[in-house]
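All remarks here apply to the structure that follows.
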Amino acid sequence: MVRPLLCSVILMVSFLSPVAFLTRQHNRILSLPIANRRRFWGSLWVGLAIAWGQPSLGAEQVSATYGVFERTLSVDALEAYAKYGQVDGELAPYLNLAPRDSRDTLRDVLSARADLDPVAVSQFLYTPQGEALLQRLGQAIQSGSGGSGFKGLRSALILAAADEEGLTLLNVLRHFPTPTLRVNFNQTFRMAQQLQTLVNASETALAEVREQSQREADTENLSSDGFVDLSQPGRLTWDEISMTLRDPSRNPPWGHRFPVDLYVPRTTEPTPIIVISHGLGSDRNAFRYLAEHLASHGFAVFVPEHSGSNAKHMEALLAGQEQEIAKPQEFIDRPSDVSFLLDTIAVLSRSDPQLHDRFDFDRVGVVGQSFGGYTALTLAGAELNLSHLAQTCDRAREEQSWNVSFLLQCRALAISGQQRQFRDPRIRGAIAINPVGSALFGRSGYQRIEIPIAIVASGADTVAPALLEQIQPFRWLNVAERYLFVLGGGTHFSTIGESEEEAVSLPSAVVGPDPSLARDYVRALSLAFFQTYIVENLEFRDYLSATYVRTLSRDPISLHLVRQLEDAPLETACTTVAGCW
C-alpha cells in the first residue's frame, strides 16, 4: 500500500506539472495588448489546462484508498517537505521508495505558484468545459465522505487564487472544504492507464507514418538536387487593407460584425485567393507570417477574425462578461464568416477602386489551425454528423477519453436542427493544421470532402492528439489528392506566429523546441499545395512529395509526408484507445 499512496500523490501533482510554468505567466500575459496574448489563448486548450492543472490533495490530510486498503498523509508533512525539504517520520517511508526525480518533482510542484485572477479562475470553472473537467477529476479526488470532489475542487481553486499567498497546490488543499481529501487510487490508476494507452498507441501510429513516408520516398524516383527552398519569401510586394464587415442576416437587428485584413499583391493581373482561419482565442495576426509569405508569391490573402472565438472573446470571458469559451453558434459562424467575406469582397472588387479587378474568385483556397482547421474542413465539404457526435460524446464520458478536444466538439450538439453543411464551391483546396473534427464529422462527414486536402499533425499535440484528430480522420478521406504531414516534435502551438511586440513567450515545452522551423515548414508546404491546386502550376507537384519533405526535415522537429496509410497497424492501435472509434 505504500507504493500506491505515493503514486497517488505523484499522479495528483502531475496534473499540474505540465502547466505550472504556464500559469505562472498568466497574470503577465493578461496585462499585454490583445495581439500579444494570442499565443497564450491560441486555442481552447491552454484555457482548459488552467483548470486541468489545478487538482490538489486535501484539507488537513490526504487519504488514498486502494480496494479495501487506506493510507493517510497529513498536509503538514507535505508542506514541511515542500517548503523546507524536511522529511518527517510520517513521510519518510514513502519518499524512500520513490526515485530521486519523483521526489524533486513532488517538492517543486507542491510549491509552484500560479498568479491567476480569481475572477478568471471562477469564470473558467463555471463554463461547460471547466465543469466537465471538474466532474471527471471529482471521481478520483473526493471529499472526506467519499463523494465527488467536484464542488470542493472548484471552491478551493477560486479561494486559493484570491488568497494573498497565491494559487499553489498547498494553498488549494488548505482551502478544500473538508478536513480530508480522499484520492481514489483505483480511479487515478485507471486514468493513468488510459493516458499511457493513448501515448503507446500514438507512438505506434507515428512510427507507421515515419516508415510509410520512407517507403513513399523510396518509390518516388525523384532527385532532391533541383528543389528550391519554398520557405523563402517571393519577390512581390503587397498592400495591406483592413476593414470591418457586417452580415445583416446574422444576429439581428445589429448584424454580425467581424474585422478582416487583406494582403493584396501589387500585380497587373487578378490574383488567386487564400483565406486563413485562426484558432480559438487567437486573432488575425496569428498567421501573419504565412499571409505575408503567400502574398509575396502572388496570392491575395484574406484573414478574417472570428469575433465569437477570438482573443477579445477570451478577455470578456475572464472579465465575467461571457459565459462560454466559445458559444455553439461559432460552429456555424466561422465557416459563414469566410463565405460572407468572399461574397462581400467579390462585390467590392467591382466598384471599389482600391480592389477593382485584383482578385480571381475562380481560384480560392483555405487554411486554418485548430478550430480554424475545423473551419477549413467544413468549407472543403466535411459535413457535421450530429448523431455520430452524440454517440461519441456519450461514449467519451463513459470511457473517459483523454481526447480533451471533445470538450469543445461536444458543444456543437447545441446546434441540433440548424445547418450542417457549409461547403463553399469556390474553395478548390484546403489545408487543416492541428484540426479538431473526429467527433464532429465522423467517417461519413470526412468522406464528403471532394477537393484536394492536406492535414497537418503534430506528434506532441496533447490538445488535439495526432492519432485521434488527424491520423485516423486522414484514413477516412476518399479524395485521391490527400496529404498527411506530421511534425514529429511539434505541439499544438508550434505553427502559431509571434508578435513583434511580444513581451512574454510561452515555455518551450508548450510551443515546441523550435517554432521557427515549424513555421518554415508551413510556409513551404502551403506554397507548394496552393501553387499545385489553386494556381494549377504543376511544376510544384513534386514538392508535395516525401522526397522533398525529407530535404526539409530538420531536428528537433522532424517532418514526414504520407499519401496513404496501411489499415492493420493503425486499427490495432485504435482498438486500445478510448476516443479512437
Side-chain angles (χ1 to χ4, degrees), residues 11 14-15 18-19 43-49 51-53 55 127-141 148 150 184 186-206 280 325-326 331 370-371 373-374 384-414 434-443 445-446 457-476 491-492 570-581:
L11 181 59
S14 72
F15 282 111
V19 295
S43 78
L44 161 71
W45 316 113
V46 171
L48 293 179
W52 197 350
T127 65
Q129 290 82 9
E131 290 190 342
L133 284 171
L134 288 174
Q135 289 283 9
R136 181 175 181 185
L137 293 171
Q139 298 175 27
I141 307 161
S148 171
F150 169 87
N184 184 326
N186 290 325
Q187 183 66 21
T188 57
F189 185 65
R190 179 187 177 192
M191 293 166 70
Q193 282 184 317
Q194 290 172 331
L195 179 58
Q196 188 60 53
T197 298
L198 173 59
V199 171
N200 293 342
S202 297
E203 286 299 320
T204 298
L206 292 170
L280 177 61
I325 288 171
F331 290 95
S370 192
F371 205 2
Y374 155 84
L384 289 174
N385 185 337
L386 296 185
S387 61
H388 175 269
L389 178 63
Q391 295 171 6
T392 300
C393 294
D394 288 342
R395 190 170 175 182
R397 283 190 291 269
E398 179 182 346
E399 298 184 14
Q400 298 185 338
S401 169
W402 277 98
N403 185 352
V404 295
S405 76
F406 286 163
L407 296 174
L408 174 64
Q409 295 186 59
C410 292
R411 292 298 296 146
L413 290 171
N434 310 120
V436 297
S438 66
L440 288 161
F441 305 122
R443 181 188 297 271
Y446 277 94
S458 296
D461 190 341
T462 58
V463 170
L467 171 61
L468 307 181
E469 292 301 320
Q470 292 96 46
I471 296 176
Q472 176 77 334
F474 172 78
R475 297 171 60 237
W476 294 337
T491 74
H492 195 72
L570 296 181
E571 289 289 355
T572 301
C574 263
T575 56
T576 63
V577 178
C580 196
W581 306 304

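Since the model is a prediction, treat every value here as computed from it, not as a measurement.
- Among all heavy-atom pairs drawn from Gln472 and Leu468, the shortest one is CB-O, 4.2 Å.
- Minimum heavy-atom separation, Leu280 to Phe371: N-CB, 3.8 Å.
- For Ala460, the side chain to side chain contact (heavy atoms under 4.5 Å, CB included) criterion is met by Thr491, not counting sequence neighbours.
- Listed here is the closest heavy atom pair of Leu386 and Leu413: O-CD2, 3.9 Å.
- Arg443 meets the salt bridge (charged side-chain N to carboxylate O under 4.0 Å, His left out) test with no other residue; sequence neighbours excluded.
- Among residues at least two apart or in separate chains, salt bridge (charged side-chain N to carboxylate O under 4.0 Å, His left out) pairs with a member in residues 401-413 are Glu324-Arg411.
- Note on residues 385-394: pairs passing salt bridge (charged side-chain N to carboxylate O under 4.0 Å, His left out), not counting sequence neighbours, are Asp394-Arg397.
- Every side chain to side chain donor-acceptor pair (under 3.5 Å) that Gln196 has, sequence neighbours left out, goes to Asn200.
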- Check the pair Ser370, His492 against side-chain hydrogen bond (donor to acceptor under 3.5 Å, both in side chains), reporting the backbone distance first and the verdict last. CA-CA 8 Å; Ser370 192; His492 195 72; 2.8 Å; yes
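- Note on ring orientation: taking the six-membered ring where Trp is involved, the planes of Phe441 and Tyr374 are parallel (angle under 30°, cut-offs 30° and 60°).
- Phe474 meets the ring pair (Phe, Tyr, Trp, His ring centres under 6.0 Å) test with no other residue; sequence neighbours excluded.
- Under the 3.5 Å distance criterion, with hydrogens and angles disregarded, a donor-acceptor pair is assigned to the side chains of Asn403 and Ser405.
- Annotation for Ser438 and Glu469: closest pair OG-OE2, 2.5 Å, computed over non-hydrogen atoms.
- Under the rule for a side chain to side chain contact (heavy atoms under 4.5 Å, CB included), the partners of Ser202 that lie at least two apart in sequence or sit in another chain are Leu198, Leu467.
- Across every non-hydrogen atom of Ala457 and Gln470, the tightest pair is CB-OE1, 3.3 Å.
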